[in-house]
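Please read the structure below before turning to the comments.
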Protein chains: 2
Amino acid sequence: MPVTIKDIAKRTGKSITTVSRALHGYQDVSPETRAMIVRVAEEMGYTPNLLAQRLQKQRTDTLGFILPTFGPRFSDPFFSEFLAGIGNTAGEYGYDLLVSTQPPGEKELEVYRQKVMGRQVDGFVVVRTRCQDPRIQYLRKVQTPFVAFGRTEGDLDYPFVDEDGVAGMKMLVRHLLSLGHQHIAYISPPLEFTFARDRMRGVREALAEANLTLAEDYLAFGDLTQRSGLAQAQKLLSLSKPPTAIIAGNDLMAFGAMSAVQQRGLRVGRDIAIAGFDDIPMAETAHPPLTTVHQPIYKIGRMITDMLIKIVRGEPLETQQVVLQPQLIIRQSCGE
Amino acid sequence: MPVTIKDIAKRTGKSITTVSRALHGYQDVSPETRAMIVRVAEEMGYTPNLLAQRLQKQRTDTLGFILPTFGPRFSDPFFSEFLAGIGNTAGEYGYDLLVSTQPPGEKELEVYRQKVMGRQVDGFVVVRTRCQDPRIQYLRKVQTPFVAFGRTEGDLDYPFVDEDGVAGMKMLVRHLLSLGHQHIAYISPPLEFTFARDRMRGVREALAEANLTLAEDYLAFGDLTQRSGLAQAQKLLSLSKPPTAIIAGNDLMAFGAMSAVQQRGLRVGRDIAIAGFDDIPMAETAHPPLTTVHQPIYKIGRMITDMLIKIVRGEPLETQQVVLQPQLIIRQSCGE
DNA sequence: ATTGACATCCAAAACGTTTTGGATTACAAT
DNA sequence: ATTGTAATCCAAAACGTTTTGGATGTCAAT
């Protein structure tokens with residue numbers, strides 16, 4: 001039913017070739033013919049069939065993004081902002097965004113394979129890298145363009161954007177030390193994630209600077225959710241010698257920790273310090289506002305997409321590995 | 001470079017037709033030939049070129065979802081959950097999800113038009129409907145399948161899923177009334193959204209049942225963000241006769257209102273009641289936990305996608321308009 | 001009158017599939 | 001020997017584009 005280039009050809013009495021060339025501004029079609037064809041195309045409401053165009057041009061103008069969802073009640077404010085970043089940038093450059101949702105696991109890689117082999121996307125945005133990341137290994141192997149948010153173990157030779165988690169955590173821990181805290185606990189995200197190792201290393205190194213160590217019972221592990229932050233903080237608080245400060249590996253778990261503190265009738269920022277990492281929008285308006293390390297998620301989304309588009313277009317990349325320096329955001333959750 | 005059906009044909013000495021038919025399980029190819037072709041295809045690592053397949057089949061197996069982003073610091077936990085719902089369902093049925101981000105406005109409709117005319121998607125998920133929704137008018141006009149989350153004015157004859165906002169708000173207001181509140185303020189989302197009108201009507205009707213009205217200075221308007229909830233609540237609290245309860249039109253604004261209360265040194269749930277709407281995951285772990293009206297966002301995402309897929313496949317729909325009954329979630333933000 | 005240059009046009013191939021409408025063969029029934 | 005039937009195969013068209021490699025015509029210079 002929709003009007004094709006063939007319809008225009010018939011209507012104008014010109015050939016398919018000429019119509020195509022007229023609409024694309026080639027110089028070998030006379031001004032009058034072009035004007036006429038353009039007018040008719042407009043009148044008939046022509047829009048090119050992108051599938052046909054892409055099949056012929058052998059590129060998809062589509063970027064892939066596979067969202068790692070953890071369980072049905074998946075809600076990570078982190079991702080909506082990141083998605084806005086890639087979505088907006090892709091749109092500006094005329095790229096589509098193909099989104100899949102997949103929990104990490106075997107099937108995850110299957111989805112990548114399917115999109116790559118089915119030639120559905122020109123490249124991928126890979127997010128939340130793991131130390132040995134099969135996705136990155138695969139994409140490198142099949143030589144499909146991608147840009148990662150985060151590094152893997154060994155910092156191989158592939159493009160990524162990351163924030164320096166070690167430095168970020170060190171700033172945070174030093175801040176807590178400067179406030180007099182000696183008993184600092186840490187709730188870590190699963191260590192398969194590279195950023196989790198970095199952040200943990202930051203904690204350890206900063207403590208070491210003050211001749212302290214991270215005691216075994218002051219180290220807990222959560223799964224990035226608020227719920228797990230709450231559970232782990234409860235455990236920490238019921239130690240015989242509870243910490244005076246709890247750092248969570250991300251803001252969501254920090255919120256959970258705040259709840260745990262408040263459930264015990266303690267006041268966050270007075271009785272105990274809580275800090276997070278990421279600086280999601282809600283951190284600012286939490287009660288009390290959360291001290292955290294800022295990560296410009298939207299901007300990172302934009303940068304990554306910019307880089308990816310340059311790569312798929314074959315344009316040179318000035319820097320293919322970007323490590324952003326973090327910024328400490330001091331709010332009230334660690335006291336004044 | 002990638003292996004095509006033609007390569008297999010050459011390698012097996014069979015025709016393109018036979019290869020295609022063998023791989024699709026047609027009955028007019030001998031078992032031996034089929035086995036041979038399948039084996040070779042496997043060996044050569046064949047995967048069909050989806051673009052070519054779709055061009056030929058004249059359908060895209062792709063669903064469109066245009067995410068209304070408001071500003072760069074866009075973060076709506078609501079959407080990540082909803083996205084998980086549609087993403088998972090689409091994936092299960094073998095559909096791809098094409099996501100665009102676009103702030104509402106003229107360009108928004110342009111994106112719909114482009115996807116429809118470019119034959120990029122089989123149908124759309126439309127979210128956050130407005131009273132006179134140009135997207136719905138357009139999609140109806142061009143007869144493109146879609147399912148909306150939310151209604152428009154007049155409840156026209158199109159498929160949607162919605163929660164009964166009037167009933168939800170009535171439950172909430174009645175709850176507050178039963179706790180003795182007589183001075184209830186309401187922070188409404190922009191009234192262009194249909195759900196905002198419904199929720200407001202719910203507030204008004206429930207107050208009317210108790211022979212109360214919503215005083216003009218107890219009605220504020222926010223833009224769904226936490227920040228605006230905070231600002232509006234501050235305004236309400238500095239009235240000469242401040243309300244004893246503040247209802248926000250969504251949870252995010254309720255969180256903002258909680259911050260405003262706490263900034264004044266008041267205690268949410270004791271000195272003043274705060275309630276929201278949506279029951280996003282964070283509502284449960286907020287401090288204090290937020291009384292709100294539950295909306296099964298993930299499930300709604302799944303239902304909508306289910307319906308949409310049925311429609312694009314031409315299967316019959318048992319009910320094309322679903323209105324879910326809400327559930328009041330009583331937590332501590334309105335006192336015991 | 002040729003030649004060359006230029007402007008304008010187009011047929012056909014190509015992208016990788018699926019489907020249509022037979023063609024061929026073998027074998028049994030007449 | 002012909003006919004019918006079933007099994008197996010395939011050439012060609014189609015989906016809607018873009019691109020290649022000319023074809024044609026005009027006009028000025030020789």
Side-chain angles (χ1 to χ4, degrees), chain A residues 1-38 40-41 44-62 94 96 114-122, chain B residues 1-38 40-41 44-62 94 96 114-122:
Chain A
M1 193 59 55
V3 24
T4 75
I5 228 175
K6 203 190 284 182
D7 300 325
I8 303 181
K10 203 168 295 175
R11 178 83 143 256
T12 57
K14 299 294 173 185
S15 76
I16 289 182
T17 311
T18 304
V19 173
S20 174
R21 297 181 80 81
L23 293 176
H24 285 84
Y26 280 69
Q27 279 318 299
D28 63 353
V29 30
S30 77
E32 305 87 58
T33 315
R34 178 199 318 292
M36 193 255 270
I37 288 178
V38 168
V40 171
M44 301 180 73
Y46 170 75
T47 25
N49 182 321
L50 287 181
L51 284 182
Q53 243 172 8
R54 289 169 174 177
L55 173 60
Q56 150 69 30
K57 293 211 153 170
Q58 291 290 80
R59 56 187 170 106
T60 63
D61 290 334
T62 301
D96 283 331
Q114 173 204 323
K115 305 274 178 261
V116 167
M117 301 302 283
R119 277 134 283 177
Q120 288 193 75
V121 299
D122 291 339
Chain B
M1 195 58 57
V3 24
T4 75
I5 227 175
K6 202 190 285 184
D7 300 325
I8 302 180
K10 203 167 295 176
R11 179 81 143 259
T12 55
K14 298 295 174 184
S15 77
I16 291 182
T17 311
T18 305
V19 173
S20 173
R21 298 182 78 81
L23 293 176
H24 284 82
Y26 280 67
Q27 281 317 303
D28 62 351
V29 29
S30 77
E32 305 87 56
T33 317
R34 178 199 318 291
M36 193 255 267
I37 289 179
V38 168
V40 172
M44 300 178 75
Y46 169 76
T47 26
N49 182 322
L50 286 182
L51 285 182
Q53 242 171 8
R54 289 169 175 179
L55 174 61
Q56 149 69 30
K57 293 210 153 175
Q58 292 289 79
R59 56 189 170 108
T60 62
D61 290 334
T62 301
D96 283 332
Q114 175 204 320
K115 305 275 179 261
V116 169
M117 302 301 285
R119 276 135 281 179
Q120 287 195 76
V121 299
D122 291 339

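Keep in mind it's a predicted model, so treat the numbers as computed, not measured. Throughout, a chain's letter reflects where its sequence line sits, starting with A, and its residues are numbered from 1. Every heavy atom of this structure was used, including side-chain atoms; hydrogens, water molecules and symmetry mates were not.
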In whole angstroms, the gap separating P of dT20(D) from NZ of Lys57(A) amounts to 12 Å

Using OP1 and OP2 only, check whether a side-chain N or O of Gln53(A) sits under 4.0 Å from dT18(D).
yes

Rounded to the nearest Å, what distance is computed from the CG atom of residue Leu23(B) to the P atom of nucleotide dT19(C)?
13 Å

Asp7(A) CG - dG16(D) C1' separation (whole Å):
10 Å

Between C1' on dT17(C) and CZ on Arg119(A), what's the gap in Å once rounded to a whole number?
11 Å

Would you kindly give the NZ-to-P distance between Lys10(B) and dT17(C), to the nearest whole Å?
13 Å

Side-chain contact test, heavy atoms from C-beta onward, threshold under 4.5 Å: evaluate it for Arg54(B) versus Leu55(A) and give yes or no.
no

What is the distance from atom OG1 of Thr33(A) to atom NZ of Lys14(A), rounded to the nearest 0.5 Å?
4.5 Å

Under 3.5 Å: donor-acceptor pair, side chain of Arg11(B), backbone of Ala41(B)
no

Rounded distance (nearest 0.5 Å) linking atom CG of Leu50(B) with atom NZ of Lys115(A):
8.0 Å

How close or far is atom P of dT17(D) from atom CD of Gln120(B), stated in whole angstroms?
13 Å

Under 3.5 Å donor-acceptor, Arg21(B) side chain and Val19(B) backbone
no

Report the distance from atom CE of Met44(B) to atom OG1 of Thr12(B), rounding to the nearest 0.5 Å.
9.0 Å

I want to confirm an ordering. Mapping Ser20(A) and Leu55(B) to their closest nucleotides on DNA chain D, which one lands closer to the 5' end?
Leu55(B)

Mind calculating the distance between CZ (Arg54(B)) and C1' (dT17(D)) to the nearest angstrom?
17 Å

Spacing of Asn49(A) atom CG and Thr4(A) atom OG1 [to the nearest 0.5 Å]
9.0 Å

From NZ of Lys6(A) across to P of dA11(C) the rounded distance in Å is 13 Å

For a quick test of reading the model: is some side-chain N or O of Gln56(B) closer than 4.0 Å to OP1 or OP2 of dA13(D)?
no

All N/O pairs under 3.5 Å across the protein-nucleotides 6-10 of chain D interface:
unit_1, atom_1, unit_2, atom_2, d
dC9(D), OP1, Lys14(B), NZ, 3.4
dC9(D), OP1, Thr33(B), OG1, 3.0
dC9(D), OP2, Ser30(B), N, 3.0
dC9(D), OP2, Ser30(B), OG, 3.4
dC9(D), OP2, Thr33(B), OG1, 3.0
dC9(D), N4, Asp28(B), OD2, 2.9
dC10(D), OP2, Ser15(B), N, 2.9
dC10(D), OP2, Ser15(B), OG, 3.4
dC10(D), OP2, Thr18(B), OG1, 2.8

